[in-house]
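Worksheet for the structure shown next.
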Amino acid sequence: MPELPEVEVVRAGLEPAVTDATVTGVEVLDERSLRRHDGPVEDFIQRLIGARFAAPQRRGKFLWIPVLDDGDPGRVSALASRRRPEMVVAPSSSALVIHLGMSGQVLLRERAAARDRLTRVVLEVRHPEHGPLRVDFVDQRIFGSMALDHLLPTVDDPDQWIPSQVAHIARDPLDPRFDDRAFLAALGRKQTTIKRALLDQTLISGIGNIYADEALWAARVHYEQPTATLRRARAVTLLAEVRLVLGRALAEGGTSFDAQYVNVNGASGYFSHSLNAYGRQGEPCPRCGRPIVRESFMNRGSHFCELCQKLRVARPLS
DNA sequence: CCGGACTCCTGGTTGC
DNA sequence: TGCAACCAGGAGTCCG
């Protein structure tokens with residue numbers, strides 16, 4: 001479900017509530033939500049209780065809250081010895097990694113508030129200013145997860161640290177350090193089609209099925225256009241449209257079709273009203289009026305306009 | 001390297 | 001109304 005804008009809405013909502021807060025209680029209602037935690041449930045609970053949170057971070061669709069004082073001295077020394085001994089210790093050596101999968105939600109609640117039926121993990125925290133709060137991880141399909149993970153320096157900035165589970169994910173296009181030239185060059189090298197590339201989180205992160213279809217529609221690119229045949233100017237346009245659609249969706253609080261995606265207060269975003277292609281099969285293309293078509297692709301739907309988004313044949317080398 | 005199939009799951013909607 | 005089939009915003013692994 002949630003793509004970059006939705007995850008960023010969650011991150012921004014969590015920030016004032018959990019930064020500097022201390023974990024006072026952890027309840028795991030469904031162990032399957034800890035599938036990506038490397039260790040038993042008790043380990044997850046014991047390391048979290050008493051820990052203090054730093055400000056939540058995000059890359060693409062991954063969200064994490066760096067953990068201070070988590071009471072496991074082993075990892076700090078292990079990290080300090082790798083690669084840059086003089087650097088000693090990261091400000092935080094581990095983090096609570098949250099991935100929302102298709103149906104995950106993070107909800108901030110009063111300590112005594114009723115629980116959603118699909119709540120999988122509950123964190124009780126105490127914030128120095130806001131007092132006691134509850135952070136509920138709700139997830140219908142359990143494709144999402146919570147995990148404690150250690151932090152590693154990023155390859156392109158040794159002062160920036162990232163959970164090991166997220167290290168293989170590319171920077172997202174709203175990250176100031178996203179490398180446009182490297183991305184465009186990779187498109188030219190890859191033997192694949194453009195929608196696959198947009199969904200490949202190791203090339204560019206944060207884009208899912210909705211915003212891939214929207215950006216392709218805006219840039220008038222067919223989803224199966226081979227990346228190597230995409231003219232550079234059009235690839236540049238496409239990347240700009242990716243940024244535009246992600247930015248607009250973020251400004252509107254994300255895309256919600258139902259109560260399945262909500263911010264930390266349980267409220268829906270408004271961007272579904274702004275979609276031009278996704279989910280609009282049979283409706284007229286907002287640009288030319290031709291009905292939007294839905295085709296099956298990668299076990300999901302691709303929505304596009306057959307008139308505006310034609311497959312372009314590669315120009316023969318003269 | 002690449003693409004396709006399959007896995008992890010629940011629950012709302014659609015169609016007979 | 002009942003019930004089965006189908007569908008869903010993600011991502012990892014395996015195999016040819």
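In what follows, every chain begins at residue 1, and chains take the letters A, B, ... in the order their sequences are listed.
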Minimum heavy-atom distance A:Lys61-A:Ile207, with the two atoms named: NZ-O, 3.0 Å
Correct closest heavy-atom pair for A:Pro66 and A:Pro56 would be CD-CA, 4.4 Å
Tell me the salt bridge (charged side-chain N to carboxylate O under 4.0 Å, His left out) pairs involving residues 288-297 of chain A, sequence neighbours left out? none
List in numerical order all residues of residues 184-196 of chain A for which some heavy atom is under 4.0 Å away from an atom belonging to DNA chain B. A:Lys190, A:Gln191, A:Thr192, A:Arg196
Is there a residue in residues 272-280 of chain A whose heavy atoms reach under 4.0 Å of DNA chain B, and which residues are they? none
Can you tell me which stems DNA chain C forms, taking runs of 3 or more consecutive Watson-Crick or G-U pairs with both distances under 3.5 Å? B:2-8 with C:10-16, B:10-16 with C:2-8
Rounding to an integer number of angstrom, what distance separates [N] and [M] when you compare their [atom1] atoms?
| N | M | atom1 | result |
| --- | --- | --- | --- |
| B:dT14 | C:dG9 | P | 15 Å |
| C:dC6 | B:dC6 | P | 15 Å |
| C:dC3 | B:dC9 | P | 26 Å |
| B:dA5 | C:dC7 | P | 15 Å |

What is the distance from CE of A:Met298 to P of C:dG10, rounded to the nearest Å? 10 Å
Quickly work out the A:Glu3 CD to C:dA8 C1' distance and round it to whole Å. 12 Å
Identify, with sequence neighbours excluded, every residue that meets side chain to side chain contact (heavy atoms under 4.5 Å, CB included) alongside A:His130. A:His127
May I ask you to decide whether [X] forms a salt bridge with [Y], counting only side-chain N to carboxylate O separations under 4.0 Å?
| X | Y | result |
| --- | --- | --- |
| A:Arg196 | A:Asp200 | no |
| A:Asp149 | A:Arg36 | no |
| A:Asp30 | A:Arg32 | yes |

What residues form a salt bridge (charged side-chain N to carboxylate O under 4.0 Å, His left out) with [X], not counting sequence neighbours?
| X | result |
| --- | --- |
| A:Asp180 | A:Arg243 |
| A:Arg134 | A:Asp136 |
| A:Glu15 | A:Arg11 |

Donor-acceptor pairs are to be reported for all side-chain atoms of residues 208-219 of chain A against protein atoms at under 3.5 Å, with residues two or more places apart or in another chain.
residue, atom, partner, partner atom, Å
A:Asn209, OD1, A:Lys195, NZ, 2.6
A:Asn209, ND2, A:Gly301, O, 3.0
A:Tyr211, OH, A:Glu6, OE2, 2.5
A:Tyr211, OH, A:Thr255, OG1, 2.6
A:Asp213, OD1, A:Lys195, NZ, 2.7
A:Asp213, OD2, A:His303, N, 2.9
A:Asp213, OD2, A:His303, ND1, 2.8
A:Glu214, OE1, A:Asn276, N, 2.8
A:Glu214, OE2, A:Asn276, N, 3.3
A:Glu214, OE2, A:Ala277, N, 2.8
A:Glu214, OE2, A:Tyr278, N, 2.7

Strictly by modelled atom types, are A:Thr229 and A:Gln225 linked by a side-chain donor-acceptor pair under 3.5 Å? yes
Please round to the nearest 0.5 Å and tell me the distance separating atom CZ of A:Phe183 and atom CG of A:Leu198. 5.5 Å
Backbone N/O of A:Leu148 and side chain of A:His37: donor-acceptor pair under 3.5 Å: yes
Can you check whether A:Glu42's main-chain N or O pairs, donor with acceptor, with A:Arg47's side chain at less than 3.5 Å? no
Restricting both atoms to N or O, compile the protein contacts to nucleotides 7-11 of chain B shorter than 3.5 Å, with distance only.
residue, atom, partner, partner atom, Å
B:dC9, O3', A:Arg32, NH1, 3.2
B:dC9, O2, A:Arg141, NE, 3.2
B:dT10, OP1, A:Arg32, NH1, 3.2
B:dT10, O4', A:Gln140, O, 3.2
B:dT10, O2, A:Gln140, OE1, 2.4
B:dG11, OP1, A:Arg117, NH1, 3.1
B:dG11, O4', A:Gln140, OE1, 3.1

All side chain to side chain donor-acceptor pair (under 3.5 Å) counterparts of A:Arg234, not counting sequence neighbours: none
Check nucleotides 11-15 of chain C against the protein and report each pair of N or O atoms closer than 3.5 Å, with its distance, or say if there are none.
residue, atom, partner, partner atom, Å
C:dA11, OP1, A:His99, NE2, 2.8
C:dA11, OP2, A:Lys61, NZ, 2.8
C:dG12, OP1, A:His168, NE2, 3.3

